[in-house]
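See structure below.
Worth knowing before you read on, the calculation uses all heavy atoms, side chains too, and leaves out hydrogens, waters and symmetry mates. Letters A, B, ... are given to chains in the order of the sequence lines, protein chains preceding strands, and every chain is numbered from 1. None of the values given here were measured: they were computed from a predicted structure.
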Amino acid sequence: MYGLGLAKGLVVTFKNLVMPSRMVAIQYPDRKVGLLGLAKETGTNPLALLFKEPGQALKAMAGMATVSERLPQHARFRGEEFTWYEQRCTGCASCAKYCPLGIIEIVTSESGEQVQEGQKYNIDVFDIDIGRCMFCGLCVEACPYDALHMGSGFEEGTYRRADLVINKERLMKAPKRPSTWFRPQLAAAHFDPHKAKEGQDVEWSDAGRHEQPTLEEQEDKWAKR
Amino acid sequence: MPIKTEPVTINLGPQHPSTHGVFRLRVTFDGEMVLDAEPIVGYLHRGTEKLAEERNYVQIVTLTDRLDYVSAMTNNLAYVRTVERLGNIDVPERAKYLRVISAELNRIASHLIATGFLLDELGAFHTPLVYCFREREHILEMFEMLCGARITVSYMRPGGVLQDAPEDFWPRLDDFVKTMPGYIDELEGLITENEIVLARTRDVGIITAEQAIAGSITGPVLRSTGVQWDLRKAEPHEVYDRVDFDIPIGSVGDTYDRYLVRVLEMRQSVRIIKQCVEQIAPGPVRTAGPFVIRPPVGDAYDCTESPKGELGFYIVSDGGISPYRMHIRAPSFINLTLLREMLVGWKIADLVVIFGSIDIVLGEVDR
Amino acid sequence: MEATVLKAGFDFTGIYGFFDDLLPESLDWLAYVIAAVILGAVLLNAIIISTALYTWFERRVLGRFQSRMGPNRWGPFGLFQPLADLIKLMTKEDTIPEGADRPVFTLAPIVFLVPALLVFSVLPFHSSSFIGKLNVGLIFIIAITSVNTLGVFMAGWASRNKYAMLGAMRGVAMLISYEVPMGLAVVGIALGAGTLSLSGVVLAQNIPFILVMPLGFIVFITAASAEMSRTPFDIIEADSELGAGYNTEYSGIKFALLQLNEFMAPLIVAALVTTLFLSGWRGWGPVPGPIWFVIKSFVIVLLLLWVRATWPRLRVDQIMGFAWKGLFPLAIINIFAMAVEFQVLRDDTTGALTTGDLWIMAAANWIITIVSLAVIANVLGQRKLRRPEPVPSQLANMYADRPAPESATQLSGEVD
Amino acid sequence: MSVSLVGAQVAEKINSKMAGVAIDFNETEVWVEPQNLVRVGKFLRDDEEIDLQMLNSISAVDYVEYFELVYHFRSLRRNSTFVLKARCYGREDLKVPSLVGVWLGADLQEREIWDLMGIKFTDHPNLKRILLWEGFPGHPLRKDFIR
């Protein structure tokens with residue numbers, strides 16, 4: 001009583017003011033850095049920095065230099081831009097059927113091969129409207145051939161709603177860094193989309209869940225019967 | 001000649017700093033005193049129950065995340081248990097443990113928000129609120145590890161859990177279990193014996209046990225009146241019967257008791273998680289089953305103890321791929337029955353605090 | 001009593017003297033006016049810039065309290081943030097609600113700002129500050145600080161908004177009821193220092209008055225923080241209940257003036273407390289007078305910030321009760337104690353108090369403070385804070401259908 | 001686990017008290033006529049043995065030929081649950097007595113059923129729409145609600 005509780009409150013706030021471990025704010029797009037911070041970030045010692053790029057160093061001294069900083073994401077993060085392997089996709093449209101919002105538009109046409117034997121359709125249109133998507137991942141869960149994977153980024157903002165529709169070309173060109181959500185084979189391979197550098201995309205052949213049956217197995221399974 | 005005063009009617013409208021979302025309260029004041037308070041809800045009504053009739057049983061899981069958007073895991077758990085009871089699907093052991101761990105983590109996150117916002121309404125300039133959010137961040141990061149999303153988790157499926165926890169989830173959970181009691185002590189240090197908090201919340205907005213039961217109030221609000229009732233003990237589902245924990249109760253049923261019950265429950269949840277981590281064994285996390293479930297004709301009601309109270313789902317199935325009718329027993333909605341009795345007679349400052357102590361989430365009230 | 005240390009260098013007489021030589025004899029009043037204008041301009045700009053800097057400082061420190069950064073985007077370490085705020089507020093449209101009482105609405109911010117600036121004029125920043133020697137300084141301050149009560153009501157009434165009206169009514173009740181303890185605390189100082197002029201008070205403080213009359217200090221700082229409606233008394237613009245209280249309808253430059261006043265208030269209280277209780281500019285060592293003044297008021301500002309970041313708000317009736325039942329008797333006890341000690345200890349001829357007497361007074365006052373605080377706390381209702389043990393009610397039994405496990409009713413929260 | 005009361009026993013107890021009130025029952029549910037809901041409710045609440053203290057939830061289901069009101073009860077003292085159902089035929093201006101007199105908790109739930117399903121509850125303190133605005137045409141949760 002007698003204000004002891006109030007004093008206890010003050011002690012707690014003072015502890016949070018003083019202890020550096022409590023400073024948890026992450027300055028998202030870029031972090032303001034002083035000269036030493038800049039040196040640590042660019043790996044050069046502060047003096048060399050002064051001579052190499054004086055402009056940057058002076059800005060750093062005024063505490064204005066910025067260094068990009070990101071929230072550490074987990075490999076299983078359901079990102080926004082999908083990863084799609086056209087080699088694996090047979091145009092079965094189970095992703096479009098399974099999406100609760102029905103925002104995947106897929107148009108396929110005859111591909112000439114024998115469709116009964118599991119050959120592919122030609123996919124003419126494959127649009128995902130991520131403007132209305134809630135990234136629940138049911139399409140990725142429903143895809144039987146592991147052709148569609150969740151992406152890993154979240155910075156897909158655009159100025160026009162029409163740009164939010166991901167079309168087939170954009171999916172084919174995009175770097176293949178899928179999230180390991182509902183893809184245990186990627187997790188087993190310890191693939192982390194956020195740390196993958198340039199050349200470390202996941203190829204279509206090893207993005208699949210079940211092992212690829214060799215040609216002989218397929219033949220004796222279908223042709224012989 | 002008595003001073004001619006006239007009651008003022010004010011809309012503590014959908015747009016107000018302390019209404020936990022789009023909740024409108026038409027309040028009639030006589031000066032500072034509340035004469036009459038009438039809740040007007042429906043601003044966040046998305047017709048979840050109508051939408052559910054057009055989706056199959058797995059797609060509805062994404063709908064239930066958006067009900068009580070502060071504790072999505074418990075919504076999933078309640079829904080999924082009802083579907084399992086309807087289609088008598090059994091659940092592997094490891095999935096049960098993963099469900100209880102994520103539900104209890106969610107309870108801590110939800111209680112942190114309730115306590116943080118209660119202090120914010122008391123006027124403590126957002127500092128305790130930021131501390132609570134800082135702790136909640138650890139939990140959201142763990143959810144991101146489990147299911148890829150922080151809030152809209154849709155982690156559970158009828159028949160188990162969508163996917164197993166990654167390896168780096170467990171060390172993170174152990175570290176959380178070790179540090180969380182320390183943070184709770186710090187939070188209590190900031191609040192529990194604080195004279196101003198005591199002065200503002202002691203004997204404010206009291207409801208008695210009989211009133212609470214007659215008003216079908218459940219959850220921490222019911223327990224704060226001294227009624228020791230918790231579905232995790234009354235109807236032990238998943239692994240709650242293999243885990244030892246207590247049900248804290250309040251003594252008088254005022255705002256302070258509601259706050260204290262929530263803090264003690266947070267400690268018990270940490271205790272449950274610790275025992276679950278010790279007892280969990282490797283194994284499958286989901287019983288194999290078709291994507292599209294067709295439960296037999298019939299109806300089923302099942303419920304679980306969400307941080308706000310008893311969250312129940314009543315599903316009627318006509319054998320098709322989507323439910324014929326799904327009714328959600330939302331604790332936040334029903335806990336509002338006694339709002340008028342709790343508020344009348346108190347001042348504006350208390351109105352905000354009492355309303356905050358009931359801890360409703362508008363996604364669940366309006367469905 | 002007055003150590004008239006006429007130092008050369010930059011002070012009022014200097015400017016006046018300079019212009020006096022320049023102008024012919026008949027225009028010496030003009031020299032006086034010019035000197036006053038220059039000094040006023042310097043003082044005004046100093047205060048407003050320091051308030052702007054203080055807004056940056058408060059937001060940064062509050063950020064640190066809440067484990068976040070605070071503004072650091074604009075300019076080095078976010079120092080241009082106040083400038084950015086000012087530009088934003090000046091360019092924002094200055095709306096007047098329809099049906100508002102226009103003249104009163106526009107006049108309110110001015111009524112807020114003028115007293116805040118006037119208080120600074122009287123404070124003795126340095127031993128030779130001319131205005132600080134105003135012989136009725138204490139009464140001037142008490143009179144000026146009570147003007148913003150009028151401002152609160154004008155703003156609340158004129159903006160024709162129910163929330164603002166509620167905020168204004170509360171504000172007026174609180175501000176008036178906290179004038180009394182603040183005034184009485186100042187009476188204690190007048191007794192201790194023997195004079196009403198602020199520089200006299202500073203000179204009399206061989207021991208800082210905070211040690212001599214701790215009760216006076218507690219009453220003054222509580223009443224002053226209520227006077228400027230800071231936590232735990234910020235019910236005027238209680239953001240969780242009334243949105244933004246009286247400044248709900250203000251925008252644009254009027255809102256900037258209100259914000260300026262709100263952020264100037266802590267500086268005023270800090271400066272006042274340093275002058276009255278921490279012996280103003282007096283300090284040992286090479287550090288000059290004004291720097292000591294700034295350091296001491298900086299410490300008080302930090303204390304106010306610390307309290308603002310931590311404590312919740314009291315309810316209106318509790319605040320009023322605390323003022324009349326809590327602070328008022330404490331202030332009277334303080335005056336009574338000071339009067340008795342002053343009468344007993346001062347020597348008959350000059351009526352001055354030696355440092356030795358001050359130490360005796362300090363010892364006596366400390367005991368009186370502890371005793372009276374304990375008594376008042378008990379009287380004010382500590383009993384209510386005890387909590388009966390929780391007893392599980394008979395209305396529910398979770399184990400009705402099966403034997404109750406042994407550790408069923410362990411209610412304490414410790415985690416094994 | 002919560003013991004769900006056996007329909008047969010409860011129906012037999014109700015019929016012993018008020019003849020012919022419990023029309024039909026199965027292992028966990030009992031059907032009653034809508035008009036004597038209040039009498040059955042009072043009996044279920046006050047009876048020593050059944051003692052259903054809390055009205056857990058009211059759901060309304062539109063089976064096109066009739067509307068079915070499903071009342072879930074719970075006894076905290078005996079940790080038991082019970083389901084009471086009532087069928088009201090016809091589609092326009094259905095009248096069902098309100099249970100607010102017996103359990104205060106029915107208040108908001110009945111207003112929601114009136115709002116979304118269109119079943120009127122007689123002598124309810126303030127039967128107004130709770131989720132939708134006053135002028136909303138029709139009741140959305142009905143099967144024949146086509147906007």
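Using a cutoff of 4.0 Å between basic side-chain nitrogens and carboxylate oxygens, R313(C) and E121(B) are not scored as salt-bridged. Between R271(B) and E265(B) no salt bridge is recorded (no basic side-chain N to carboxylate O distance below 4.0 Å). We find that R160(C) and E98(C) are not joined by a salt bridge, their nearest charged nitrogen and carboxylate oxygen being 4.0 Å or further apart.
Using a 4.5 Å cut-off between heavy atoms, D230(B) touches chain C through backbone and side chain atoms alike. Neither the backbone nor the side chain of V353(B) comes within contact range of chain C; no heavy atoms are under 4.5 Å apart. Heavy atoms of I191(B) lying under 4.5 Å from chain C are absent altogether. Using a 4.5 Å cut-off between heavy atoms, T9(B) touches chain C through its backbone atoms (N, CA, C, O) alone. For a residue to count as touching a neighbouring chain, one of its non-hydrogen atoms must lie under 4.5 Å from one of that chain's; by this rule L118(B) does not touch chain C. Residue V197(B) touches chain C through both its backbone and its side chain, counting heavy-atom pairs closer than 4.5 Å. Proximity to chain C is limited to the side chain of R134(B), based on heavy atoms less than 4.5 angstrom apart. At a 4.5 Å heavy-atom cutoff, the contact between Y256(B) and chain C is made by side-chain atoms alone. Looking at N11(B), only its backbone comes within 4.5 Å of chain C, counting heavy atoms on both sides.
A side-chain donor from one of S269(B) and E104(B) sits under 3.5 Å from a side-chain acceptor of the other.
Within the 4.5 Å cutoff, the side chain of R170(C) has heavy atoms near those of the I348(B) side chain. In this structure, N72(C) and R60(C) have side chains that are in contact, with non-hydrogen atoms separated by less than 4.5 Å.
With chain C as partner, the option from V252(B), L190(B), D350(B) having the largest number of non-hydrogen pairs under 4.5 angstrom is D350(B).
Considering only residues two or more places apart in sequence or on other chains, D241(B) meets the side-chain contact (heavy atoms from CB on, under 4.5 Å) condition with P236(B).
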